[in-house]
> 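Here you go, one structure.
Below, chain A is the first sequence line, B the second, and so on; all start at residue 1. A quick note: this is a predicted structure, and the numbers were derived from the prediction, not measured.
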Amino acid sequence: MKKVYASAGEALDGVLRDGMTIAAGGFGLCGIPELLIAAIRDAGTRDLTVASNNAGVDDFGLGLLLQSRQIRKMISSYVGENAEFMRQYLSGELELEFNPQGTLAERMRAGGSGIPGFYTKTGVGTVIAEGKEVKSFDGQDYILERAIVADLSIVKAWKADDTGNLVFRKTARNFNPPAAMCGRICVAEVEEIVPRGSLDPDMIHLPGIYVHRIVQGPHEKRIEQRTTRKKEAA
Amino acid sequence: MAGWDRNQMAARAAEELQDGWYVNLGIGIPTLVANYVGDKDITLQSENGMLGMGPFPYEGEEDPDLINAGKQTITELSRTSYFDSATSFGMIRGGKIAAAILGAMEVAENGDLANWMIPGKLVKGMGGAMDLVAGVGRVIVVMDHTNKAGESKVLRECTLPLTGKGVVDRIITNLGVLDVVPGGLRIVETAQGVTEDELRNATQATIV
């Protein structure tokens with residue numbers, strides 16, 4: 001089965017519909033599926049629920065879909081870098097479900113692993129626990145968190161082969177594997193599609209079984225906070 | 001009343017770390033703790049998926065694929081490993097990280113911690129803080145003892161939404177070091193030039 005598509009728009013053809021739930025990889029602007037996000041903006045799909053750790057910045061990443069009002073609800077752990085997000089949220093135009101970061105990652109991992117929910121002590125005794133089942137194990141309280149199964153996953157990897165085996169680079173891996181796992185359909189954008197057999201099978205980060213469609217970059221890969229140090233004088 | 005500055009607080013916090021520990025440092029003063037670990041073998045975790053976090057890169061060597069949890073460009077070390085977010089929080093939730101050092105808006109005498117939200121004002125999100133305080137071996141808060149209005153941040157009860165309930169083990173402020181113990185807080189030490197009375201007067205929480 002052919003998984004490689006010529007453009008992000010073609011890779012999303014036939015899988016987008018209004019009101020769908022999308023899981024997106026990335027942390028801040030690192031490892032985000034920037035091409036697929038832009039293609040969803042161009043497709044104009046509306047009323048989206050998006051599970052993503054962050055919401056991009058105003059003019060890049062998921063911020064693009066906020067600007068165009070295509071997102072109805074975000075499931076995120078931290079949205080501090082996006083002024084437009086804040087404005088829409090405070091004015092009631094956008095729904096927001098805060099998830100602790102580890103809970104969000106595990107909800108995705110569980111969703112892709114056939115586990116409908118899990119107990120965690122994260123958030124016990126906080127607003128996060130409101131309305132959730134509390135269960136005690138060995139004298140410690142845990143809350144029940146439900147898995148996320150998304151209609152569509154969009155992720156970014158470094159390299160892929162044509163069967164969808166993925167390799168990520170450094171901290172750009174972040175939410176991409178769990179986000180990929182939890183989607184009924186997963187579309188991956190990569191910097192390079194390499195010939196079958198050229199990736200070491202022992203070094204595959206995400207097996208191609210989770211990846212249905214692939215498209216190759218180029219990527220902008222924007223840096224959010226450039227921090228450096230000076231070279232000490234010799 | 002003199003007390004510690006930011007760097008002295010960070011240096012004091014670094015004394016808490018033991019050789020061989022895997023540690024997560026929060027944003028702000030906790031980040032400075034890395035400058036004071038000395039000869040101890042400490043591995044820093046960045047919860048976006050990295051163990052063995054190195055210093056900031058030299059100018060021109062920034063890599064958009066290599067950032068810390070504060071989204072800053074960083075570098076790797078010879079010991080570095082990378083992993084996904086679910087694995088990262090697995091090691092946090094699983095108690096593999098020995099300690100987290102993080103900032104706070106409020107801490108209460110029962111160990112309650114508030115550091116993620118001011119209703120109606122600050123709505124940024126908790127990030128990984130709730131997972132960290134629930135999962136790591138030891139939670140050490142480093143913060144100013146009072147807010148800009150001069151009011152104590154070390155309280156009988158937190159007024160802001162909690163990050164975690166009964167999670168804080170030790171508090172290091174510009175005025176001294178306090179431990180959460182049954183019945184309230186116990187003074188471990190006072191900062192340079194600060195008397196025990198001055199520390200008590202700046203603290204709303206019960207001191208036992």
> Give the minimum heavy-atom separation between B:I67 and A:T171, together with the two atoms involved.
N-OG1, 2.9 Å
> Is the CD atom of B:E157 crowded by more than 12 outside heavy atoms at less than 6.0 Å?
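Not more than 12 within 6.0 Å, no.
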> Which heavy atom of A:T227 sits nearest to which heavy atom of B:P57, and what is that distance?
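For A:T227 and B:P57, the tightest heavy-atom pair comes out as O-CD, 3.2 Å.
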> Quick check for you: to the nearest 0.5 Å, what is the distance between B:K124 atom NZ and A:S77 atom OG?
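Answer rounded to 0.5 Å: 13.0 Å.
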> Against chain A, label B:D112 side chain, backbone, both or neither, depending on which of its atoms sit under 4.5 Å from a heavy atom there.
neither
> Please say whether more than 12 non-hydrogen atoms of neighbouring residues, nucleotides or ligands are located less than 6.0 Å from NZ in B:K96.
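Counting neighbours around NZ of B:K96, 12 or fewer heavy atoms of other residues, nucleotides or ligands fall under 6.0 Å, so no.
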> Let's go through A:Q225 and B:T73 carefully: what are the C-alpha distance in whole Å and the side-chain angles of both, what is the deciding distance for side-chain contact (heavy atoms from CB on, under 4.5 Å) to 0.1 Å, and is it a yes or a no?
CA-CA 7 Å; A:Q225 304 239 16; B:T73 46; over 6 Å; no
> Just how far is it from atom CZ of A:F118 to atom CZ of B:R93, taken to the nearest 0.5 Å?
6.0 Å
> Hey, which of B:F83, B:Y58, B:F89 has the most heavy atom pairs under 4.5 Å with chain A?
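When all of B:F83, B:Y58, B:F89 are compared, B:Y58 has the most.
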> If we define contacts as heavy-atom pairs under 4.5 Å, which of B:D63, B:L162, B:I92 has the most with chain A?
B:D63
> Which pair of heavy atoms, one from A:R173 and one from B:D84, lies closest together, and at what distance?
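Minimum heavy-atom contact is CD-N, 3.9 Å.
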> Chain A heavy atoms under 4.5 Å from B:S46: which part of the residue, side chain, backbone, both or neither?
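Answer is neither: B:S46 stays 4.5 Å or more from chain A.
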> More than 12 foreign heavy atoms under 6.0 Å from CD1 of A:I115: is that the case here?
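Atom CD1 in A:I115 is packed in, count exceeds 12.
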> What part of A:I128 gets closer than 4.5 Å to chain B, counting heavy atoms only: side chain, backbone, both or neither?
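For A:I128, the side chain is the part near chain B, not the backbone.
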> Identify which part of A:R229 has an atom lying under 4.5 Å from any heavy atom of chain B, answering side chain, backbone, both or neither.
both
> Roughly how far, to the nearest 0.5 Å, is CZ of A:R226 from CZ of B:F56?
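CZ of A:R226 is found 13.5 Å from CZ of B:F56.
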> With chain B as the partner, which of A:T103, A:V127, A:L104 has the greatest number of non-hydrogen pairs under 4.5 Å?
A:T103
> How close do A:E224 and B:K71 get, counting heavy atoms only, and between which atoms?
OE1-CG, 3.7 Å
> Of the backbone (N, CA, C, O) and the side chain (C-beta and beyond), which part of A:L29 lies under 4.5 Å from a heavy atom of chain B, both, or neither?
neither
> Quick check for you: to the nearest 0.5 Å, what is the distance between B:E59 atom CD and A:K230 atom NZ?
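One gets 4.0 Å once the value is rounded to the nearest 0.5 Å.
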> So which residue, A:P100, A:S76, A:G80, A:A172, ends up with the most heavy-atom pairs under 4.5 Å with chain B?
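It is A:P100.
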> Determine yes or no for a side-chain-to-main-chain donor-acceptor pair under 3.5 angstrom, with B:D131 supplying the side chain and A:G102 the backbone.
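Judged by distance alone, yes, a pair lies under 3.5 Å.
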> With rounding to the nearest 0.5 angstrom, report the CE to CG distance, B:M50 to A:N174.
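Result: 13.0 Å between the selected atoms.
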> Identify which part of A:N99 has an atom lying under 4.5 Å from any heavy atom of chain B, answering side chain, backbone, both or neither.
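Looking at A:N99, just its backbone touches chain B.
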> Pick one of side chain, backbone, both or neither for B:E76, based on which atoms fall under 4.5 Å of a heavy atom in chain A.
side chain
> Report the option among A:G28, A:G31, A:G25, A:C30 that has the most heavy-atom pairs separated by less than 4.5 Å from atoms of chain B.
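Of the candidates given, the most pairs with chain B belong to A:C30.
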> Flag the pair A:R169 and B:D65 as a salt bridge only when some basic side-chain nitrogen lies within less than 4.0 angstrom of an acidic carboxylate oxygen.
yes
> Flag yes if more than 12 heavy atoms outside A:Y119 fall under 6.0 Å of its OH atom; otherwise flag no.
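Count over threshold, so yes.
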> Look up atom OG1 in A:T122 and atom CE in B:M126, then write down how far apart they are to the nearest 0.5 Å.
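Interatomic distance, A:T122 OG1 to B:M126 CE, rounded to 0.5 Å: 10.5 Å.
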> Contact between B:Y82 and A:F168 at the side-chain level, heavy atoms closer than 4.5 Å - yes or no?
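Side chain of B:Y82 against side chain of A:F168, heavy atoms only: no contact under 4.5 Å found.
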> Test A:F27 against B:N68 for side-chain contact (heavy atoms from CB on, under 4.5 Å), laying out the working first.
CA-CA 10 Å; A:F27 182 93; B:N68 63 18; over 6 Å; no
> So does A:A105 get a backbone contact from the side chain of B:S85, meaning a donor-acceptor N/O pair under 3.5 Å?
no
> Which region of A:V124, side chain (C-beta onward) or backbone (N, CA, C, O), has a non-hydrogen atom less than 4.5 Å from a non-hydrogen atom of chain B, or is it both or neither?
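A:V124 touches chain B through backbone heavy atoms alone.
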> Which of the residues B:G49, B:S88, B:A114, B:A69 is involved in the greatest number of heavy-atom pairs with chain A at under 4.5 angstrom?
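Sorted descending by pairs with chain A, the first entry is B:A69.
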> Which answer fits A:E191, side chain, backbone, both or neither, if we ask what part of it has an atom under 4.5 Å from a heavy atom of chain B?
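The side chain, not the backbone.
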> What are the two closest non-hydrogen atoms of B:P64 and A:K221, and how far apart are they?
CB-O, 3.4 Å
> Mind listing the closest non-hydrogen atom pair of B:A134 and A:K121 along with its distance?
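Between these two residues, the closest heavy atoms are O-CE, 3.1 Å.
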> Using a strict cut-off of less than 4.0 Å between a Lys/Arg side-chain nitrogen and an Asp/Glu carboxylate oxygen, indicate whether B:E61 and A:K231 qualify as a salt bridge.
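Answer for the salt bridge query: yes.
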> Mind checking whether A:I223 and B:E62 have side chains closer than 4.5 Å, heavy atoms only?
yes
> Evaluate whether atom CZ of A:R146 has more than 12 neighbouring non-hydrogen atoms of other residues, nucleotides or ligands under 6.0 angstrom away.
no
